[in-house]
Amino acid sequence: MLLFQLGAIFSMQSLELEHLKQLLACRSLSLISQSGGGNSKVFCVMENGKKWAIKSYPPYAPNQRDRLAAECAVYQFLNQHQVKAMPTLKTVCLDKRWLVIDWIEGSLPKTYDAFDIAQAVSFLGAVAKLNHVPAAQHLPLAAEACLSLDELIQQIEMRRKRLCDVNVPDSALQDFLSHDFLPCLTRYQAVAREGYRKHGILSDQLLLDAHRSLIPSDFGFHNSLRDEQGRLYFFDFDYFGWDDPVKLLADILWHPKMVLSEVEKEQFIHGISAIYCADPLFLVRFRYTVPLFGLRWVLILLNEFIPAFWQNRQHANVQGDWDEAKRIQLGRARELLTRLAW
């Protein structure tokens, strides 16, 4: 989400810049760059060679996850326990909805190798080691946690229904949902239920606390920077929390921005399953739910059809025509659906 590109100077309201000076206790402050992610804007500011990243969140909507508060708590927790390969929280401004972290000088990885995957798995392992720290119990569930098969299926159905009920019906979208998506959902749901039954797992039984883990949802190389030494730094923790680590693994494999070879997928499966080897049913749950998580990602790609989602995109300064964005995302959803034969 955070791709910082230096070189272009963007305007920022002078009052906001003055507020930042006070927040950072700076006499002078220069705006170096601005970028937009999926749902947030990011500014880079500098004083005397010292740089900070300012992440700006959209206004908080009641009954929704407060991403600013959630990410602030995660940074405080992980920084306190000296988890490496991530930025350090500087401060937060609740009124302006700003999170300020130390700047990481680097670039978004365009290609990956086994060493990069090892770094990613090492970071996830360091997070998982904090599961038994007393303060960890105060952290919330991850966004849209999936702690049972029924919960996962319900989430998919809710997303499908929301797309079916959009205010301005789109014939291409509705045709895709009815004739392409729904048959796949019916098939993979039946396979998962039978697999759970065969292994004695109740579809409505919530995962035991002992097998839950702290996970950084939306984790991957798309939310990382590589420095000049080849070290990776990971960020964007607004969806972080307790969840079934099977979801973490499945999301890494299906995320549209994680273009992985079959060998690289196997490296992630091997590395992450080793972290959770104390859970005897980890790979069983993964085997039967990974296609369903893929279907969930098909629907996530179609968020562009939801007006409120597009409004958040506008907050992040995402440019483009809405109709064209919907057309592109429907094409990506179709392509992902063809890759679901795991």
Side-chain angles (χ1 to χ4, degrees), residues 1 55 57 60-94 97 99-102 120-152 154-155 201-220 223-224 233-252 268 271-286 289 293 296:
M1 184 182 296
K55 185 172 179 181
Y57 297 80
Y60 171 65
N63 302 319
Q64 292 187 7
R65 185 182 183 90
D66 187 341
R67 292 168 43 228
L68 170 59
E71 188 159 26
C72 181
V74 172
Y75 268 108
Q76 290 172 334
F77 175 76
L78 296 181
N79 287 165
Q80 178 186 357
H81 291 91
Q82 301 180 330
V83 174
K84 298 179 181 179
M86 62 174 293
T88 300
L89 177 68
K90 172 68 175 177
T91 187
V92 64
C93 178
L94 298 179
R97 296 194 60 74
L99 185 82
V100 184
I101 56 178
D102 285 342
V121 171
S122 176
F123 177 81
L124 295 173
V127 171
K129 286 181 180 179
L130 300 177
N131 288 343
H132 303 296
V133 171
Q137 308 310 312
H138 300 294
L139 293 173
L141 291 176
E144 296 190 321
C146 294
L147 298 174
S148 72
L149 176 59
D150 282 357
E151 199 165 39
L152 171 57
Q154 287 168 9
Q155 286 188 17
I201 309 173
L202 298 177
S203 65
D204 63 346
Q205 181 177 336
L206 296 180
L207 187 67
L208 296 176
D209 288 349
H211 294 149
R212 300 181 190 185
S213 180
L214 293 172
I215 67 166
S217 294
D218 196 23
F219 178 82
N223 279 332
S224 72
Y233 292 83
F234 301 94
F235 40 78
D236 271 11
F237 303 120
D238 15 351
Y239 302 127
F240 184 106
W242 290 97
D243 207 340
D244 186 341
V246 162
K247 180 175 180 288
L248 167 67
L249 176 55
D251 282 350
I252 289 173
F268 266 115
I272 294 177
S273 61
I275 294 173
Y276 301 105
C277 60
D279 179 355
L281 294 175
F282 178 88
L283 286 175
V284 172
R285 296 197 309 279
F286 172 74
T289 60
F293 281 112
R296 189 173 177 275

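Here the structure is a predicted model, which means the values were calculated and not measured. Note that these values count all heavy atoms, side chains included, but never hydrogens, waters or copies made by symmetry.
- Residues I215 and A142 approach most closely at CG1-CB, 4.4 Å, considering heavy atoms.
- Residues D244 and K247 are not paired through a salt bridge, judged by the lack of any N-O separation under 4.0 Å between the basic side chain and the carboxylate.
- Counting heavy atoms from C-beta outward, D218 and L248 have side chains that stay 4.5 Å or more apart.
- Counting only heavy atoms from C-beta outward, the side chains of F235 and M86 never approach each other to under 4.5 Å.
- Of the options Y239, F237, F234, F268, a ring-ring contact (aromatic ring centres under 6.0 Å, His included) to F219 is made by F234 and by none of the others.
- Taking CG of N223 as the start and OG of S217 as the end, the distance is 11.0 Å to the nearest 0.5 Å.
- With rounding to the nearest 0.5 Å, the separation of CZ in F286 from CZ in F293 is 10.0 Å.
- Of all heavy-atom pairs spanning L152 and C146, the tightest one is CD1-SG, 3.9 Å.
- Side-chain atoms of Q80 and V133, non-hydrogen and from C-beta on, never get closer than 4.5 Å to each other.
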(request) Could you give me the CA-CA distance, side-chain angles and deciding distance for F282 and L249, then say whether side chain to side chain contact (heavy atoms under 4.5 Å, CB included) is met? (result) CA-CA 10 Å; F282 178 88; L249 176 55; 4.0 Å; yes

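- Nearest heavy-atom pair across F240 and P216 is CD1-CA, 3.6 Å.
- Between L68 and K55, the closest side-chain pair of non-hydrogen atoms is not below 4.5 Å.
- The shortest side-chain heavy-atom distance between E71 and L89 does not fall under the 4.5 Å cut-off.
- Of all heavy-atom pairs spanning A136 and L214, the tightest one is CB-CD1, 3.8 Å.
- Atom-to-atom distance recorded for Y75:OH and L99:CG is 6.5 Å, nearest 0.5 angstrom.
- Between Y57 atom OH and C93 atom SG the span is 12.5 Å, to the nearest 0.5 Å.
- One finds no salt bridge joining R65 and D238 here, because no Lys/Arg side-chain nitrogen approaches an Asp/Glu carboxylate oxygen to under 4.0 Å.
- The existence of a salt bridge linking R212 and D279 is excluded, since no basic side-chain nitrogen approaches an acidic carboxylate oxygen closer than 4.0 Å.
- In this structure a side-chain-to-backbone donor-acceptor pair under 3.5 Å is present from Q137 to N131.
- Across A278 and P280, no two heavy atoms sit closer than the pair O-CD, 3.3 Å.
- Annotation: side chain of L130 is in contact with side chain of L78 (closest heavy-atom distance under 4.5 Å).
- Of all non-hydrogen atoms in D204 and S148, the two that sit nearest each other are C-CB, 4.1 Å.
- Using cut-offs of 30° and 60° on the angle between ring planes, the pair F77 and H81 is tilted.
- Inspection of the S213 and Y276 side chains reveals an N or O donor paired with an N or O acceptor under 3.5 Å.
- Note that CG of L207 and CZ of R285 are 4.5 Å apart. Values are rounded to the nearest 0.5 Å.
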(request) Assess whether side chain to side chain contact (heavy atoms under 4.5 Å, CB included) is satisfied between I252 and L124, documenting all intermediate values. (result) CA-CA 12 Å; I252 289 173; L124 295 173; 4.1 Å; yes

(request) Walk me through it: do T88 and N79 pass the test side-chain hydrogen bond (donor to acceptor under 3.5 Å, both in side chains)? (result) CA-CA 6 Å; T88 300; N79 287 165; 4.5 Å; no

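- A heavy-atom distance below 4.5 Å is not found between the side chains of L147 and W242.
- A heavy-atom distance below 4.5 Å is not found between the side chains of D243 and L141.
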